[in-house]
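What follows is a set of notes on a single structure, which appears directly below.
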Number of protein chains: 2
Amino acid sequence: MTEKQENILSAALKLFAEEGFSATSTSKVAKAASVSEGLIFRHFGNKEGLLNALLDLGQEKAKLVYSNVIFETDPKELIRKAIQLPFNVAKEDHDFWRLQFKLKWELNKYNEASWEPLQVAMTNAFKKLKYKNPEMEAEYIKHFLDGLVGAILRGSPIDDIKMTNFLLDKYQL
Amino acid sequence: MTEKQENILSAALKLFAEEGFSATSTSKVAKAASVSEGLIFRHFGNKEGLLNALLDLGQEKAKLVYSNVIFETDPKELIRKAIQLPFNVAKEDHDFWRLQFKLKWELNKYNEASWEPLQVAMTNAFKKLKYKNPEMEAEYIKHFLDGLVGAILRGSPIDDIKMTNFLLDKYQL
DNA sequence: GTAAAGTAAGTGAGTACTTACATATTAAAT
DNA sequence: ATTTAATATGTAAGTACTCACTTACTTTAC
């Protein structure tokens, strides 16, 4: 991985996340990365190859974030961690997640299943906590988290302390 | 409003909702509407004018949907109606809502405030129902509904009866 | 000295939009 | 009623430009 290659990747991530994949031209990426346009195609084959390289890199980060929640054994702590996901995601890897959320509307290639391990883990946690309907409870919170993360990534002003406290109270954590 | 004008609008709505605004060319719209490309510019000025015409038409439908919930006086019934919004929206005006949700990621022109009257109404309803934290309760359900509508519009298979019953039970309606 | 990394200058196809012209509709004048 | 003038509706063929991508060539690194 050369320096210019890294420049291309970071410029592309920023631009794709801000303005969208289709709306960002390869020449724009090249200029932002201070690189000739041809180099993008030498390294990544085509525009989609560049996108996939970004998604592959991000996928590893995503797994780290998820696994920290999923492998938590204490059910209350698991829910607690799940609730904090939106606010963590907004801080680190903001661009990657914004790209991810944009893509699920821009292309159909979105991995809707990436939520699933988390949903299963939450279902188990709610089971352990003797909730009446753990499956639906997990699906409910999943949609909520999806909506909340989306709002945060779009720049909605959200009082994270207020929201966190509200949720901790609601789920008696 | 001539017939060809209507053809342009319906073809554009379908294509913009399916493939996105930027990704749909004016020539594609013209072909789908069986119309010369120049006619689009005669009637709507430019591509963005066509989009705005669609959004204006949809806004009226949106107000109807919202007002049915907002002006409900019985708080329990209001929450009940709010909960059913995602499933109604998915049936009628599917394309318009899909376009709306796509746009809030594709452009920054999204009207995040269009939710607000609904949120205020829900806050009042939760107040009447003596909830401990009506404001946050309303924001919570807002994000949930946003996430759920998004999932439905993206084609996620959701058991609406199960979900509705779960929610009715959760909010004791 | 060979292979990888890099660039400049193209390529054809597609883009939003314009222009010049034709047809249809309406309204006024005779 | 019929002609005439004006206006709205429509089209075909362009415009300049941008797009993703290629080619021919040079520089760098081991």
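Proteins come first, then strands; the chains are lettered A, B, ... in the order of their sequence lines, and each starts at number 1.
Evaluation of the ring pair (Phe, Tyr, Trp, His ring centres under 6.0 Å) test over residues 33-63 of chain B, restricted to residues two or more places apart or in two chains, returns none.
Scanning for side chain to side chain donor-acceptor pair (under 3.5 Å) contacts around A/E77 gives A/R80, with sequence neighbours left out. Every residue two or more places apart in sequence or in another chain that forms a side-chain contact (heavy atoms from CB on, under 4.5 Å) with A/N133 is listed here: A/E135, A/M136, B/F166. With sequence neighbours left out, B/F126 forms a ring pair (Phe, Tyr, Trp, His ring centres under 6.0 Å) with B/Y131, B/Y171. For B/K81, the salt bridge (charged side-chain N to carboxylate O under 4.0 Å, His left out) partners at least two apart in sequence or on another chain are B/E72.
In this structure, B/K91 fails the cation-pi test against B/F87, since its NZ or CZ atom is not both closer than 6.0 Å to the six-membered ring centre and inside 45 degrees of the ring normal.
A heavy-atom distance below 4.0 Å to DNA chain C is reached by none of the residues of residues 46-57 of chain A. Within a heavy-atom distance below 4.0 Å of DNA chain D, no residue of residues 10-21 of chain B is found. Within a heavy-atom distance below 4.0 Å of DNA chain D, no residue of residues 22-30 of chain B is found.
Nearest heavy-atom pair across A/E18 and A/K102 is O-NZ, 2.7 Å. Among all heavy-atom pairs drawn from A/A17 and A/L99, the shortest one is CB-N, 4.0 Å. Among all heavy-atom pairs drawn from A/V29 and A/L15, the shortest one is CA-CD1, 3.9 Å. Shortest non-hydrogen contact noted between A/T123 and A/A138 is OG1-CB, 3.2 Å.
The closest side-chain donor-acceptor pair between B/E37 and B/S27, if any, does not fall under 3.5 angstrom.
A salt bridge does not link B/K132 to B/E137: none of the charged side-chain nitrogens sits closer than 4.0 Å to a carboxylate oxygen.
Looking only at side-chain heavy atoms (C-beta outward), B/F16 and B/R98 stay at 4.5 Å or farther from each other. Counting heavy atoms from C-beta outward, B/I70 and B/L78 have side chains that stay 4.5 Å or more apart. Side-chain contact between B/K162 and A/E139 is absent, with no heavy-atom pair separated by less than 4.5 Å.
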Exercise. In the 5'-to-3' direction, what one-character label does each nucleotide of nucleotides 5-15 of chain D receive under the scheme B = base within less than 4.0 Å of a protein heavy atom, S = sugar-phosphate only, - = no such atom?
Worked result: ----BBB----

Distance-only donor-acceptor hits, side chain of residues 53-65 of chain A, under 3.5 Å, sequence neighbours excluded:
from, atom 1, to, atom 2, distance (Å)
A/K61, NZ, A/D93, OD1, 3.3

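One end of the helix from C/dG1-D/dC30 to C/dT30-D/dA1 points its axis 10° away from the other end's axis, with each axis taken from 5 pairs and the angle rounded to 10°.
Nucleotides of DNA chain C lying under 4.0 Å from heavy atoms of chain B occupy a range whose first and last members, 5' to 3', are C/dT15 to C/dT18.
In this structure, B/W115 and B/Y66 have tilted ring planes: the angle between them lies in the 30° to 60° band.
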